[in-house]
Structures are given as C-alpha cells and as structure tokens.
Amino acid sequence: LSSSSAASDVYKRQVENKFKHLDEDIQEALQSLFRKANESITIYGFTLRAFSKRNKGIFSRDIISRQKNNIHIVVFGEGTENFQVEFPANRITRYEWVTKENGRPGIDPKMKGDGNFHIKAVVIDKRYVYIGSANFSHTAFNWSAEWGITIEGCEVANELERYGKYLIDEKMVEKKI
C-alpha cells in the first residue's frame, strides 16, 4: 500500500468509528443541550453552516421545539445569514464580526498579528456550556477529527457571556438586522 492509501484507510476507520463519550458524539451532545433550553441560547461560531437550510439545519428541529418557552437566541459568528432557523425574528439577535481594512473579520486589539476569531461555544440558560474545536458545519461533525466538552456550571457560562458583552462593547461585532 502507498502511504496515501494507508492514510486514507486510517481516515475511513476514524470516520466510521466516531469516538463517543457518554454515548454522544459532538452533534448529539449539542442537540441535547439545545433541548434543555428554557430561557436563552447563545451561539459563538466561526461558521454557522449547520443551521442553514442547505445543510438541512441539523439543529433546527431541536431549536424550533423550544419556541414555546419564549427563549431568546443570540448568535455571534461569520455569516449569520446561515442561521436559518424558523423562529420569531424578534427573539433572535445576530452579531457579526466587524470587517477591518484588510477585509478580514475584526480582531481583538490585544491580539498580536493578523489573527481572527475562531470561537466555537454555546451557552444555554446561562448554565450549560459547550466549548469545542468543531465548526458548526456538517463537515466538522461528520468528517473531521474534533473534540468538544459540555459543562454544567454558571461560572464558565458567565465568563462566556461576559466575553460576548466585551465583543459588543469594544465594537468588534456589530448587530445585524
């Protein structure tokens, strides 16, 4: 076997045998979190393609089922137009990164170089948190080697909420209508 063929075989085995912890992969863990929402869902995502109609909105059903609870959704990310969940518009707030002169998304002035935000986190009811490496996309959940962790606890949730406020206050994100 050539090295590329051997690597391909290893990759296929990794995809076919997803690592599961507590009997959930990342997508299932996020779906479980969305179903717990009673007040709010805050999503910090570099890409939000997993919520688009083109990708069959893999989380749409779980979020839409929460409508009866009058929850509010806040979305931070690149291309928030990809967040295509049938939900009352007055209960979704979208923030996108401010584009700088170089055409790239805004960066934290305290960062060195020309980096950008690459956040992937979800906060549910200021109590449950997901933080991980996976972009919110079909590819990340089905073809990439990714990890994520869910945490129950207000301290981490509060820090992420505080970070969202910081992004707004420092004008690194702007509200989209």
Subject >> Shortest non-hydrogen contact between Lys126 and Ser40, atoms and distance >> reply: N-OG, 4.1 Å

Original post:
Which is it for Ile119 and Phe76 under the side chain to side chain contact (heavy atoms under 4.5 Å, CB included) test, yes or no, and what are the steps along the way?
Top reply: CA-CA 9 Å; Ile119 303 164; Phe76 291 85; over 6 Å; no

Subject >> Between CZ on residue Phe34 and CD1 on residue Ile43, distance to nearest 0.5 Å >> reply: 4.5 Å

Original post:
How close do Phe136 and Leu30 get, heavy atom to heavy atom, and via which atoms?
Top reply: CE2-CD1, 3.8 Å

Subject >> Side chain to side chain, Leu33 and Thr150, heavy atoms closer than 4.5 Å >> reply: yes

Subject >> For Ala121 against Ile131, the heavy-atom pair lying closest together >> reply: CB-CG1, 4.3 Å

**OP:** Kindly compute the distance separating CD (Glu146) from CD (Gln27), expressed to the nearest 0.5 Å.
**Re:** 12.5 Å

**OP:** Please say which of Ile73, Ile41, Val74 ends up in a side chain to side chain contact (heavy atoms under 4.5 Å, CB included) with Ile92.
**Re:** Ile73

**OP:** Could you walk me through whether Asp125 and Lys36 pass the side chain to side chain contact (heavy atoms under 4.5 Å, CB included) test, one step at a time?
**Re:** CA-CA 8 Å; Asp125 294 341; Lys36 289 180 180 183; 5.6 Å; no

Original post:
Which atom names give the shortest non-hydrogen contact between Ala37 and Ile124, and what distance separates them?
Top reply: CA-CG2, 3.5 Å

Original post:
Say you draw a straight line from CZ of Arg127 to CD of Glu152; how long is it, rounded to the nearest 0.5 Å?
Top reply: 4.0 Å

**OP:** Starting at CZ of Arg91, measure out to CG of Asn70 and round the result to the nearest 0.5 Å.
**Re:** 4.5 Å

Original post:
Does the side chain of Tyr128 reach to within under 4.5 Å of the side chain of Val122, using non-hydrogen atoms?
Top reply: no

Subject >> Which atom of Lys120 lies closest to which atom of Asn135, heavy atoms considered >> reply: CE-OD1, 3.0 Å

Original post:
Looking only at heavy atoms, what is the nearest atom pair of Tyr166 and Met172, with distance?
Top reply: CE2-CE, 3.2 Å

